[in-house]
Every structure is written in structure tokens, then in C-alpha cells.
Amino acid sequence: MFFKSMNYLSMNNPEAAAVEMRRARFRQKIARRKFEIDLIEEYVQEKPTYSGRQVPGFSVNDVLNKKEVKKDCDWIKKQKNFQYGNIVNPTVTFISAVDFLAQRQPDEALLDFRILHRIDPGNPFFKKCYVTLAKKQDEPLPAQLESAPVFDFPLDRKVVYLLFEDGLIPARKEKLFEMILPPPVGYVGIAYPVLEYFPTDVGCLQIESENGSILQTSTIGDFGAISNFALESKIKEIITRAVISALVKEATSIALQYTAKAIGDRFNPIAGYGAQLAVFVVMQVYKVAFNRADVRCWQTLPMRTQGAVFPKSGNGIYKLSVMSKNGKVLNSANINVGIGDAVTLILVKSNGFDTIKLKVMDYQYDRI
């Protein structure tokens with residue numbers, strides 16, 4: 001919905017953009033509410049259970065405590081950002097605040113920036129936006145923020161907001177846990193998803209005005225952390241369901257083998273063993289072929305988003321440079337944001353190396 005809103009805005013369709021932004025805000029409210037419930041009420045979903053035939057060494061607890069599986073679960077948990085809470089997306093909240101400012105609704109924008117500051121209180125960009133709007137609206141601030149720096153220009157007119165997307169979100173790849181046991185079990189295993197990160201050399205985006213002043217983007221959202229949050233909250237349930245599914249298949253396999261043997265024994269013992277062996281081989285092929293994990297994910301999303309805000313000045317021409325982590329210019333482009341009073345949004349995309357795409361959009365709510 002957030003990206004739909006950006007698409008409509010780029011097509012000069014503010015009405016449709018506003019509809020999608022309202023939907024995105026509603027989803028964010030649901031996410032924040034559920035996060036608060038999880039924290040306050042310690043809400044826990046009912047876990048799947050299994051009481052059928054057991055395979056020695058292949059119970060849910062056995063698999064979760066295996067060294068390689070436990071290592072993967074711990075790694076995913078380590079990468080998780082607990083501040084985001086149930087996939088609360090700071091990028092959506094930031095664009096929501098910009099959208100409210102473009103509509104001349106600073107009170108609503110202040111609420112969004114307050115949420116951003118709550119999500120990441122150590123982020124200087126969020127703090128500066130929050131304090132600037134709060135002081136403008138004569139809203140009381142915590143004592144520790146009274147002397148915090150503010151922007152010396154208005155945030156709702158003749159201003160440019162920049163959103164920089166770089167890299168690619170981690171992809172889900174399949175990881176197998178397999179065991180070979182004596183007949184009638186044979187092959188048994190599960191598949192579960194883990195995250196695979198893509199390399200990126202981008203450090204930030206640098207904005208240079210015609211008078212030589214330089215501004216660099218600050219972090220807004222980490223889609224990698226959000227992806228980790230989504231997977232970490234479900235990985236144990238995914239593994240549990242995979243183990244139960246494998247156990248059900250194993251019970252079916254053993255039942256089919258015994259049934260085939262019983263039918264074959266009606267003719268002679270050799271036919272019985274032959275029938276059992278045939279079913280055993282077929283079930284091994286079936287279990288290996290269908291041991292797959294769900295690795296679907298949005299692989300077109302960026303790894304992270306960064307942002308900046310600056311006033312329109314001079315002739316409205318700025319130079320944007322993608323900077324590497326060691327300060328090298330990877331790519332650059334000049335843009336013209338104009339000198340009008342409208343709130344302008346610049347969307348810049350980088351693949352994590354030297355490719356850059358950009359779009360300049362003006363909010364035109366005053367024309368609705």
C-alpha cells in the first residue's frame with residue numbers, strides 16, 4: 001500500500017495516493033496495537049501438537065535442539081530489531097508524516113514523528129523532526145529534549161523530503177535437516193527458511209546545493225531487520241509444523257509398508273517382503289522430493305531506507321551522490337526541485353552499488 005501510494009503520487013494522482021496512504025496508516029495502527037498486546041498481555045498463540053507414531057531422535061524438541069537448527073534460530077533472533085515490534089515500518093510512518101505536512105496537518109504529522117522517535121530514540125533525524133514540530137505546535141517536550149537542535153526552516157512548505165532506498169531485502173533460502181534411520185523409517189527430514197543477505201557497498205546519499213553546502217542522509221528503516229522480525233516470530237512454529245508433517249508422512253509410510261507386506265504374505269513370504277520393499281523405496285523418493293520449505297518473499301524491496309529534509313533555495317538544482325562506505329562517489333545525478341511552495345518528495349533507488357534511479361514528485365493536495 002505504501003508503494004502503491006508512491007506510484008499514484010508519481011502519476012500525479014493525489015486522490016488515489018491519499019487512499020493508499022490511509023490504508024497503510026491503518027495497517028500500521030494494527031501492527032502497533034498487536035505489539036502492545038504482545039508486550040502487556042504476553043499473548044501466545046496455541047502451538048501445534050502431535051500424539052501419533054514417534055520416530056526416535058526426531059521429535060519437535062529433538063530437532064529444535066540440534067546444533068545446526070539451534071544455530072540458525074539464534075542467528076535469526078540476533079539479527080532481529082525488537083524496536084520495530086510486529087513489523088511496524090518506520091518508512092511508512094515517515095512518509096505518512098510528510099503526507100500530513102503536505103496537507104497542512106502538522107498535528108497529525110507530529111504524532112507520526114513522535115512514534116518514530118519512540119521506535120528509535122537514538123535517531124538524530126527523527127528527534128530533530130519531532131522537536132521542531134513540537135515546538136512549532138507549542139507541545140510540551142520531555143526535559144531532555146528541550147535543548148535539542150531544531151530545523152531553521154518550515155517543514156510544511158517550500159521544503160524537500162528525500163527518501164533513499166539502497167540494496168535488496170534479504171531473500172529466504174531453503175535449509176535442510178535430514179536423518180537416515182534403519183528401515184522401516186529410512187529417510188526423514190524437514191526443510192525450513194533462513195535469510196540470505198546480499199552485499200552492498202553503499203554508505204549514504206549526499207546532497208550538495210549550488211552554494212556548496214552538503215547534507216547526508218540518515219537511516220529511517222531497515223527492511224532487513226523487519227524481515228528478520230517476521231521470520232523470527234514464526235521460525236519455531238514453522239519447524240514444529242514441518243516436524244509434525246514429517247512424522248505424519250512417516251506413520252503413513254510405515255502403515256503402507258505393513259499393509260503391502262500383509263497382502264504379499266497371502267501369496268508367499270518373499271512376495272510380502274518384496275511388496276514392503278517396493279513401498280519403502282517409493283516412499284523414500286516421495287519424502288525426499290517433497291521436503292521443501294516456503295521461501296516466498298518480496299525480493300524487490302530495498303535493504304534499508306534513508307532520508308533527509310532540506311529547504312528549497314537558489315535555482316532549485318541539487319547534486320545527489322551515492323557514497324560508498326569508505327567515502328567514494330559511486331554515482332551522481334543533478335535534479336531540479338523547483339522553487340515553488342509545494343512540498344516535494346525525491347525518491348532515489350540504488351541497487352547497492354553504482355546504479356541509481358530517481359523520481360521527483362510534488363504534493364498537490366491544495367489542488368484537490
Side-chain angles (χ1 to χ4, degrees), residues 1-7 10 24 28 72 75-85 87-95 98 116 119-120 122-126 161-175 193-208 214-233 235 295-309 319-333 335 345-361:
M1 287 169 287
F2 158 67
F3 289 101
K4 282 185 178 180
S5 177
M6 295 297 97
N7 288 336
S10 66
Q28 288 292 284
D72 288 332
W75 183 87
I76 293 172
K77 186 174 183 179
K78 183 179 179 182
Q79 304 298 316
K80 171 182 173 180
N81 188 332
F82 289 88
Q83 293 174 320
Y84 286 171
I87 324 178
V88 174
N89 191 337
T91 306
V92 176
T93 306
F94 173 73
I95 294 299
V98 175
L116 288 172
I119 292 174
D120 189 1
N123 189 311
F125 181 59
F126 292 162
Y161 290 90
L162 185 144
L163 185 67
F164 177 45
E165 303 176 356
D166 80 271
L168 291 173
I169 194 172
R172 290 189 178 187
K173 71 174 183 178
E174 184 178 87
K175 190 75 176 286
V194 294
L195 293 179
E196 180 181 23
Y197 281 76
F198 298 101
T200 176
D201 192 36
V202 173
C204 67
L205 187 73
Q206 181 173 283
I207 305 111
E208 184 176 356
I214 293 177
L215 174 67
Q216 292 186 336
T217 52
S218 303
T219 299
I220 290 181
D222 186 339
F223 280 85
I226 294 174
S227 180
N228 265 290
F229 195 108
L231 182 57
E232 194 276 337
S233 62
I235 186 62
V295 293
R296 293 172 297 173
C297 62
W298 291 101
Q299 295 187 346
T300 57
L301 296 178
M303 172 63 184
R304 60 177 177 169
T305 55
Q306 302 180 47
V309 57
K319 180 180 180 181
L320 306 181
S321 302
V322 178
M323 309 297 294
S324 69
K325 295 176 181 178
N326 59 9
K328 178 184 176 182
V329 176
L330 299 177
N331 204 337
S332 62
I335 59 166
L345 176 66
I346 305 175
L347 182 61
V348 184
K349 295 185 178 182
S350 169
N351 65 353
F353 293 95
D354 56 356
T355 301
I356 182 174
K357 296 181 180 180
L358 57 89
K359 180 74 176 180
V360 180
M361 301 169 280

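The basis for the numbers below is simple: all heavy atoms, side chains too, and nothing from hydrogens, waters or symmetry mates.
Residues meeting the side-chain contact (heavy atoms from CB on, under 4.5 Å) test with Met303, sequence neighbours left out: Pro170, Tyr197, Asp222. Lys319 pairs by the salt bridge (Lys or Arg N to Asp or Glu O under 4.0 Å) definition with nothing, not counting sequence neighbours. By the salt bridge (Lys or Arg N to Asp or Glu O under 4.0 Å) test, Arg172 is found to be paired with no residue, residues two or more places apart in sequence or in another chain being considered.
Taken to the nearest 0.5 Å, the CD atom of Gln206 stands 5.0 Å off from the CD atom of Gln216. Note: Ser350 OG to Leu330 CG = 7.0 Å, rounded to the nearest 0.5 Å. Atoms CD and CG, from Glu165 and Leu301 in turn, are 8.5 Å apart once rounded to the nearest 0.5 Å. In this structure, Cys204 SG and Ile207 CD1 are separated by 8.5 Å, a value rounded to the nearest 0.5 Å.
The nearest pair of heavy atoms linking Ala333 to Leu358 is CB-CD2, 3.9 Å. Between Glu232 and Lys77 the shortest heavy-atom distance is CG-CA, 3.6 Å. Looking at every heavy atom in both residues, Pro193 comes nearest to Val295 through CB-CG1, 4.5 Å. Residues Phe223 and Thr91 share a closest heavy-atom pair of CE1-OG1, 3.8 Å. Shown here for Ile226 and Pro90, the closest heavy-atom pair between the two residues is CD1-CD, 4.3 Å. Pairing each heavy atom of Asn331 with each of Ile356, the nearest pair is ND2-CG2, 3.3 Å.
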Run the side chain to side chain contact (heavy atoms under 4.5 Å, CB included) test on Phe164 and Thr305 for me, step by step, so that the C-alpha distance in whole Å, both residues' side-chain angles and the decisive distance to 0.1 Å come before the verdict. CA-CA 5 Å; Phe164 177 45; Thr305 55; over 6 Å; no
Give the intermediate values and the outcome of side chain to side chain contact (heavy atoms under 4.5 Å, CB included) for residues Asp166 and Arg304. CA-CA 6 Å; Asp166 80 271; Arg304 60 177 177 169; 2.8 Å; yes
Taking it one step at a time, do Leu116 and Asn123 satisfy side chain to side chain contact (heavy atoms under 4.5 Å, CB included)? CA-CA 9 Å; Leu116 288 172; Asn123 189 311; over 6 Å; no
Determine, step by step, whether Val309 and Leu162 satisfy the side chain to side chain contact (heavy atoms under 4.5 Å, CB included) criterion, reporting the C-alpha distance in whole Å, the side-chain angles of both residues, the deciding distance to 0.1 Å, and the verdict. CA-CA 6 Å; Val309 57; Leu162 185 144; over 6 Å; no
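A salt bridge does not link Asp201 with Lys325: every distance from a Lys NZ or Arg NE/NH1/NH2 to an Asp or Glu carboxylate oxygen is 4.0 Å or more.
Between Val202 and Ser324 the shortest side-chain heavy-atom distance does not fall below 4.5 Å. When side chains are defined from C-beta on, Ile346 does not count as touching Leu163, because their heavy atoms never get closer than 4.5 Å. Residues Phe126 and Ile119 fail the side-chain proximity criterion, which asks for heavy atoms closer than 4.5 Å. By the 4.5 Å heavy-atom criterion applied to side chains, Val348 and Leu320 are counted as neighbours. Counting heavy atoms from C-beta on, the side chains of Ile95 and Leu345 come closer than 4.5 Å. A heavy-atom distance below 4.5 Å is found between the side chains of Leu347 and Met361.
No donor-acceptor distance shorter than 3.5 angstrom exists from the side chain of Ser321 to the backbone of Met323, with no hydrogens or angles considered.
Classification of the Phe125-Phe94 ring pair by plane angle, with boundaries at 30° and 60°, yields tilted.
Side chains of Gln306 and Thr217: a donor on one and an acceptor on the other come within 3.5 Å.
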